[in-house]
Trainee: 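Here it is, the structure in full.
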Amino acid sequence: MLSESTPRMQPGPEERRMMRRFDMRLPAIVRLDQENEFHTETQNVSARGVFFYLDKPLQAGARCEVTLTFPPHITLTDAVRVRFTARVIRVESPLPSLRVGTAAMIEDYEFLRSTGSSDFLSALSREAAN
């Protein structure tokens with residue numbers, strides 16, 4: 001489910017990432033190929049990556065396609081659907097519920113609906129630079 005609050009940056013003094021991560025629970029569809037599609041929810045999103053949980057472990061380096069929708073309270077316009085290709089860069093040990101944490105780096109993206117903010121990921125990137 002979508003979180004009721006505004007996105008929060010995840011803190012951490014040991015943080016080595018170049019882009020700020022935002023704690024956003026967004027519904028997502030992760031597709032590995034024509035036959036393997038998973039419905040999940042993001043845990044955090046940045047301009048360059050995304051973290052989510054799956055019921056199936058992926059291999060680091062695996063490619064996937066992720067589709068998610070940024071709601072109006074995030075974009076400050078209409079909802080924006082984005083589909084991106086990503087490469088798995090980290091897989092965490094399963095939680096007690098057997099869900100596997102997956103971090104993926106965004107390699108390419110496309111907007112599936114052009115209304116509203118036409119370049120939301122660039123806006124996220126600019127915000128992170130400030």
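Along the sequence shown, residues carry numbers from 1. Just so we're clear, the structure is a prediction, and the values are computed from it rather than from any experiment.
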Trainee: Could you state the interatomic distance from CG (Asp33) to CD (Glu65), rounded to the nearest 0.5 Å?
Mentor: 10.5 Å

Trainee: Mind listing the closest non-hydrogen atom pair of Gly49 and Ile106 along with its distance?
Mentor: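 That would be N-CD1, 3.7 Å.
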
Trainee: For Met24, does its backbone N or O pair with a side-chain atom of Thr42 as donor and acceptor, under 3.5 Å?
Mentor: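 It does hold such a pair.
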
Trainee: In Å, rounded to the nearest 0.5 Å, how long is the span from CG of Asp108 to CZ of Arg83?
Mentor: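 Those atoms lie 10.5 Å apart.
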
Trainee: Of all heavy-atom pairs between Gly61 and Arg87, which one has the smallest distance, and what is that distance?
Mentor: O-CG, 3.6 Å

Trainee: Looking at Ile89, Val88, Val50, which hits side-chain contact (heavy atoms from CB on, under 4.5 Å) with Met105?
Mentor: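 Among Ile89, Val88, Val50, the one that satisfies the side-chain contact (heavy atoms from CB on, under 4.5 Å) with Met105 is Ile89.
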
Trainee: Can you name the nearest heavy-atom pair linking Gln43 to Arg25, along with the distance?
Mentor: O-NH1, 3.1 Å

Trainee: Is the CD atom of Glu110 crowded by more than 12 outside heavy atoms at less than 6.0 Å?
Mentor: yes

Trainee: Can you tell me how far the OG1 atom of Thr102 sits from the CD atom of Gln59, to the nearest 0.5 Å?
Mentor: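 Spacing of OG1 (Thr102) from CD (Gln59) equals 11.0 Å.
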
Trainee: Out of Val30, Leu26, Ile29, which residue meets the side-chain contact (heavy atoms from CB on, under 4.5 Å) rule with Leu68?
Mentor: Leu26

Trainee: Over all heavy atoms of both residues, which pair between Thr69 and Ala79 is shortest? Give the atoms and the distance, please.
Mentor: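 The answer is CG2-CB, 3.9 Å.
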
Trainee: Quick check for you: to the nearest 0.5 Å, what is the distance between Phe52 atom CZ and Asn44 atom CG?
Mentor: 11.0 Å

Trainee: In Å, rounded to the nearest 0.5 Å, how long is the span from CG of Leu32 to CZ of Arg63?
Mentor: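 Result: 13.0 Å between the selected atoms.
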
Trainee: Tell me, do Ile74 and Phe22 make a side-chain contact under 4.5 Å, heavy atoms counted?
Mentor: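 Side chain of Ile74 against side chain of Phe22, heavy atoms only: no contact under 4.5 Å found.
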
Trainee: Looking only at non-hydrogen atoms, find the nearest pair between Arg81 and Thr67 and report the distance.
Mentor: NH2-CG2, 3.5 Å

Trainee: Report the C-alpha distance between Arg21 and Phe51 in whole Å, list the side-chain angles of each, state the deciding distance to 0.1 Å, and finish with yes or no for side-chain contact (heavy atoms from CB on, under 4.5 Å).
Mentor: CA-CA 10 Å; Arg21 292 180 296 158; Phe51 185 87; over 6 Å; no

Trainee: CG of Leu76 to CZ of Phe70: how many Å apart, nearest 0.5 Å?
Mentor: 12.5 Å

Trainee: How close do Arg99 and Thr40 get, heavy atom to heavy atom, and via which atoms?
Mentor: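 Closest heavy-atom pair between Arg99 and Thr40: NH2-OG1, 3.3 Å.
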
